[in-house]
Amino acid sequence: MTPHDLARLLTAPDTDLRAALELLDVRALSALKTGVDTVTEQAWRRTLTERLRSLAPVAAPDLPSVTFGLFAAVEGPGGRAQWTPKGVFVAADNGPQVPSRSVDLDDAELTAALAALSVLAPPLDDGSELYVRLDAPSE
């Protein structure tokens with residue numbers, strides 16, 4: 001079975017995913033969860049990069065071409081650190097000087113990506129930074 005065959009099977013409307021998963025032993029389920037978590041984190045990171053790539057020129061029109069963004073962690077509910085779309089540091093480091101700005105990015109998809117990454121790849125504490133490079137291909 002190819003990965004495409006498996007994806008089609010798992011997303012078919014008549015597939016009882018829970019019943020299929022209940023047939024697996026705990027080791028197989030753990031391996032599956034680890035794999036799903038890894039792929040899910042990569043997908044959210046791609047979403048974050050794509051959203052930042054499209055939002056940065058609008059948020060910082062005076063920068064020639066934004067090449068990276070830096071998201072900060074803030075204290076969230078329950079005292080847990082979480083990534084925020086507020087005060088995002090964007091810069092263009094492709095010249096002799098590095099022009100930069102701090103911008104707020106109000107975007108539902110970007111906020112969802114940051115929330116998911118706060119769970120999948122949580123910041124160590126408030127003040128932690130999440131670096132997103134825009135001039136490199138997405139994973």
Side-chain angles (χ1 to χ4, degrees):
M1 177 179 286
T2 69
H4 287 37
D5 293 337
L6 179 59
R8 259 192 313 280
L9 178 65
L10 291 174
T11 57
D14 59 343
T15 299
D16 185 351
L17 187 56
R18 184 179 179 101
L21 291 173
E22 286 175 351
L23 297 173
L24 300 175
D25 67 31
V26 70
R27 285 182 181 79
L29 287 169
S30 292
L32 184 60
K33 181 185 181 314
T34 300
V36 167
D37 285 349
T38 299
V39 171
T40 302
E41 180 183 343
Q42 290 171 346
W44 280 118
R45 286 181 184 275
R46 275 192 309 274
T47 299
L48 180 64
T49 301
E50 290 162 5
R51 294 308 302 147
L52 182 57
R53 189 174 282 131
S54 75
L55 294 167
V58 176
D62 55 327
L63 293 183
S65 75
V66 172
T67 55
F68 71 90
L70 199 59
F71 293 85
V74 296
E75 187 174 330
R80 290 183 38 210
Q82 63 185 30
W83 303 115
T84 180
K86 304 295 181 202
V88 178
F89 179 79
V90 293
D93 68 352
N94 49 2
Q97 295 184 4
V98 182
S100 63
R101 300 284 175 277
S102 177
V103 297
D104 291 344
L105 300 174
D106 185 23
D107 179 73
E109 197 171 351
L110 180 127
T111 300
L114 290 171
L117 288 170
S118 291
V119 173
L120 293 165
L124 298 176
D125 53 33
D126 60 345
S128 294
E129 297 174 330
L130 176 60
Y131 182 76
V132 178
R133 191 88 202 166
L134 298 180
D135 56 356
S138 296
E139 290 179 23

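This structure is a prediction, so every number in the text was calculated from the model and none was measured.
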For this session: Identify the heavy atoms of W83 and L130 that sit nearest to each other, and give their distance.
Result: CZ3-N, 3.4 Å
Problem set entry | Main-chain N/O of T11 paired with T15 side-chain donor or acceptor, under 3.5 Å | no
Exercise. For the residue pair L63 and V66, what are the closest heavy atoms and their distance?
Worked result: CD1-CG2, 3.7 Å
Problem set entry | For the student: nearest non-hydrogen atoms of L29 and L21, plus distance | CD2-O, 3.6 Å
Exercise. What closest approach, in Å, do G69 and L52 show between heavy atoms, and which atom pair accounts for it?
Worked result: CA-CD2, 3.7 Å
Problem set entry | Verify same cluster id: F68, V88 (apolar side-chain graph, 4.5 Å) | no
Exercise. More than 12 foreign heavy atoms under 6.0 Å from CG of D106: is that the case here?
Worked result: no
Problem set entry | Test log, rule side-chain contact (heavy atoms from CB on, under 4.5 Å), inputs D62 and R101 | CA-CA 9 Å; D62 55 327; R101 300 284 175 277; 2.5 Å; yes
Problem set entry | Positive for side-chain contact (heavy atoms from CB on, under 4.5 Å) with F71, one of L117, L48, T84 | L48
For this session: Examine L23 and L32 and state if one hydrophobic cluster contains both, with Ile, Leu, Val, Met, Phe, Trp and Tyr joined whenever side-chain heavy atoms are less than 4.5 Å apart.
Result: no
Exercise. Side-chain heavy atoms under 4.5 angstrom apart, residues restricted to Ile, Leu, Val, Met, Phe, Trp, Tyr: same cluster for V132 and F89?
Worked result: no
Exercise. Atom CG in D107, atom CG in L55: separation rounded to 0.5 Å?
Worked result: 4.5 Å
Problem set entry | A73 backbone acceptor or donor facing D126 side chain under 3.5 Å | no
Exercise. When rounded to the nearest 0.5 angstrom, what distance separates CH2 in W44 from OG1 in T49?
Worked result: 13.0 Å
Exercise. Any Lys/Arg nitrogen of R46 or E50 sitting under 4.0 Å from an Asp/Glu carboxylate oxygen of the other?
Worked result: no
Problem set entry | Closest non-hydrogen atom pair between S118 and R80, with its separation | O-NH2, 4.3 Å
Exercise. How many angstroms lie between atom CG of L70 and atom CZ of R133, to the nearest 0.5 angstrom?
Worked result: 11.5 Å
Exercise. Just checking, is any N or O donor in the side chain of D125 or S128 under 3.5 Å from an acceptor N or O on the other one?
Worked result: yes
Problem set entry | Heavy-atom pair with the smallest gap, counting every atom of E109 and T47 | OE2-CG2, 3.7 Å
Problem set entry | hydrophobic_cluster_shared for L114 and L120, side chain cutoff 4.5 Å | yes
